Amino acid sequence: MDKAIQAEVRIILPDIGAFDPMPQTKHPGNAPQLLSSLTTAHLPARRADAHKGDFGNVLVVGGDLGTGGAVMLSAEAALRCGAGLVSVATRPEHVSAGLARLPETMWLGVSSANQLMGVLERASVLVVGPGLGQAAWGRSLLSAAANAPVPQVWDADALNQLAHRPLALHSGSILTPHPGEAARMLGISTEAVQADRPGAARKLARKHASVCVLKGAGTLVAGPDGQLALCERGHPAMAGAGLGDVLTGVLAALLAQGMDAWSAACLGVWLHACAGERLGVKGRGLAASDLVPVIRELLEEHSACLA
């Protein structure tokens with residue numbers, strides 16, 4: 001366990017009575033629950049006879065022309081955080097690069113939503129939005145994905161489309177807006193979102209009957225029933241491109257391994273922020289892909305693979 005997490009434990013232990021005994025329970029009143037190693041749920045240890053089919057099939061949908069790196073980051077994060085199978089549906093132009101970088105994942109080049117149907121039927125969790133775009137290609141893929149009866153993690157242009165289209169998410173899904181996306185989804189200004197971040201997160205969670213992760217300094221996790229959690233970890237070095245794509249992959253992997261949306265969102269946000277904090281001590285120039293191996297280490301420290 002690194003020194004930052006040890007310090008967190010030393011600080012929180014004397015006040016453990018202020019937290020609910022189980023991570024999934026509501027926090028009393030309107031005060032958010034503080035995310036920590038003590039208040040986030042754990043993945044169970046794996047049986048000796050476990051196989052890949054036990055840990056879900058994550059399908060990442062997105063990556064329009066020029067934005068293939070977004071789906072690659074999400075897929076890598078899902079793979080490294082323990083999803084049993086990871087597939088990517090993207091523009092055909094990105095398949096060769098994806099296979100070269102991530103040969104453990106399955107890549108499908110899709111030019112239309114019809115080509116997505118077969119792989120949708122095999123998925124147990126969807127990531128929708130990284131690099132998706134808002135043109136006809138992205139709109140058609142989002143429409144097909146929205147009808148899939150599995151938990152989903154929506155990010156980026158999936159959220160921008162959701163701001164203008166009445167799409168219903170499957171129960172147990174997670175939205176991951178930054179303040180600008182949250183503002184578009186609520187029809188208000190970014191400044192208004194930032195002035196009342198808890199209120200904005202709760203409104204989005206209720207409106208879409210999903211868990212909402214409102215990103216930014218002091219990321220909030222809100223449930224449709226009003227529960228709220230706050231992450232105070234992180235580092236300014238995390239202000240860069242692609243980190244949200246990594247987070248979506250982490251969340252999808254946790255859902256694929258059996259966590260409910262609230263527990264997955266809380267644990268994923270905390271792991272992501274702690275990884276950024278651990279790497280942020282090196283200063284500027286943090287790349288999103290740098291986080292993935294550190295998140296994997298933190299997840300093992302938090303939830304060991306073997307009992």
Side-chain angles (χ1 to χ4, degrees), residues 24 41 43 51-63 71 74-75 77-79 81-90 105-132 137-177 185 204-213 221-225 245 247-268:
Q24 295 86 353
L43 285 172
H51 60 87
K52 62 186 178 183
D54 294 331
F55 306 112
N57 186 342
V58 172
L59 172 62
V60 183
V61 180
V71 287
S74 294
L79 177 71
C81 286
L85 294 162
V86 179
S87 303
V88 181
T90 188
T105 59
M106 293 165 284
W107 288 72
L108 173 68
V110 294
S111 300
S112 68
N114 289 336
Q115 296 172 295
L116 192 62
M117 296 308 177
V119 69
L120 278 176
E121 293 176 358
R122 298 190 294 272
S124 59
V125 177
L126 297 186
V127 168
V128 189
L132 184 68
W137 181 83
R139 292 196 303 270
S140 66
L141 265 58
L142 180 63
S143 296
N147 291 321
V150 295
Q152 307 190 19
V153 184
W154 282 28
D155 186 28
D157 279 322
L159 301 177
N160 290 325
Q161 291 192 45
L162 186 60
H164 306 291
R165 301 174 63 187
L167 296 169
L169 282 79
H170 188 267
S171 60
S173 294
I174 303 174
L175 306 173
T176 64
M185 294 167 72
L204 285 171
R206 287 195 301 269
K207 180 179 180 180
H208 297 287
S210 301
V211 171
C212 176
V213 173
V221 181
D225 57 356
D245 302 319
L247 177 61
T248 60
V250 175
L251 299 178
L254 297 176
L255 289 173
Q257 292 171 88
M259 278 193 166
D260 62 86
W262 173 260
S263 298
C266 289
L267 178 57

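When a residue number appears, it is its place in the shown sequence, counting from 1. Computed from a prediction, not measured in an experiment: that's the story for all the values here.
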Could you list the donor-acceptor pairs under 3.5 angstrom formed by side chains in residues 113-121, with sequence neighbours left out?
from, atom 1, to, atom 2, distance (Å)
Gln115, OE1, Ser111, N, 2.5
Gln115, OE1, Ser112, N, 3.1

Inset, instruction - Scan for salt bridge (Lys or Arg N to Asp or Glu O under 4.0 Å) pairs involving residues 109-120, sequence neighbours excluded, and state none if there are none. - result: none

Inset, instruction - Specify the closest pair of heavy atoms between Gly172 and Leu255, including all atoms of both residues, with the distance to one decimal. - result: O-CD2, 4.2 Å

Legend entry - Ser263 side chain to Asp260 backbone, donor-acceptor under 3.5 Å: no

Inset, instruction - Mind listing the closest non-hydrogen atom pair of Leu169 and Ser173 along with its distance? - result: CD2-CB, 3.7 Å

Inset, instruction - Kindly give the heavy-atom pair with the smallest separation between Asp245 and Ser74, and that separation in Å. - result: O-OG, 2.7 Å

Show me the donor-acceptor pairs within less than 3.5 Å that the side chains of residues 148-168 make with the rest of the protein, sequence neighbours left out.
from, atom 1, to, atom 2, distance (Å)
Gln152, OE1, Trp154, NE1, 2.7
Gln152, NE2, Ala145, O, 2.8
Gln152, NE2, Ala148, O, 3.2
Asp155, OD1, Thr176, OG1, 3.0
Asp155, OD1, Lys215, NZ, 3.2
Asp157, OD1, Gln134, NE2, 3.3
Asp157, OD1, Asn160, ND2, 3.0
Asp157, OD2, Gly133, N, 3.0
Asn160, OD1, Arg184, NE, 2.9
Asn160, OD1, Arg184, NH2, 3.1
Gln161, OE1, Arg165, NH1, 2.7
Gln161, NE2, Gly133, O, 3.0
Arg165, NH1, Arg139, O, 3.3
Arg165, NH2, Ser143, OG, 2.4

Legend entry - All side chain to side chain contact (heavy atoms under 4.5 Å, CB included) counterparts of Asp54, not counting sequence neighbours: Arg47, Ala50, His51

Inset, instruction - Identify the heavy atoms of Val88 and Ala75 that sit nearest to each other, and give their distance. - result: CG2-CB, 3.6 Å

Legend entry - Heavy-atom pair of closest approach, residues Val61 and Leu132: O-CD1, 4.3 Å

Legend entry - Residues forming a side-chain hydrogen bond (donor to acceptor under 3.5 Å, both in side chains) with Thr105, sequence neighbours excluded: Trp107

Inset, instruction - For residues Leu251 and Ala265, report the shortest heavy-atom separation together with the two atoms involved. - result: CD2-CA, 3.7 Å

Legend entry - Rounded distance [0.5 Å steps], CE in Met185 versus NE2 in His208: 4.0 Å

Legend entry - Heavy-atom donor-acceptor pair, Thr90 side chain to Gly63 backbone, under 3.5 Å: yes

Legend entry - Separation of Leu267 CG from Leu254 CG (nearest 0.5 Å): 5.0 Å

Inset, instruction - Output all residues satisfying side-chain hydrogen bond (donor to acceptor under 3.5 Å, both in side chains) with Asn57, sequence neighbours left out; order by chain, then residue number. - result: none

Inset, instruction - Hey, could you give me the CG/CH2 distance between Asp225 and Trp262, rounded to the nearest 0.5 Å? - result: 7.5 Å

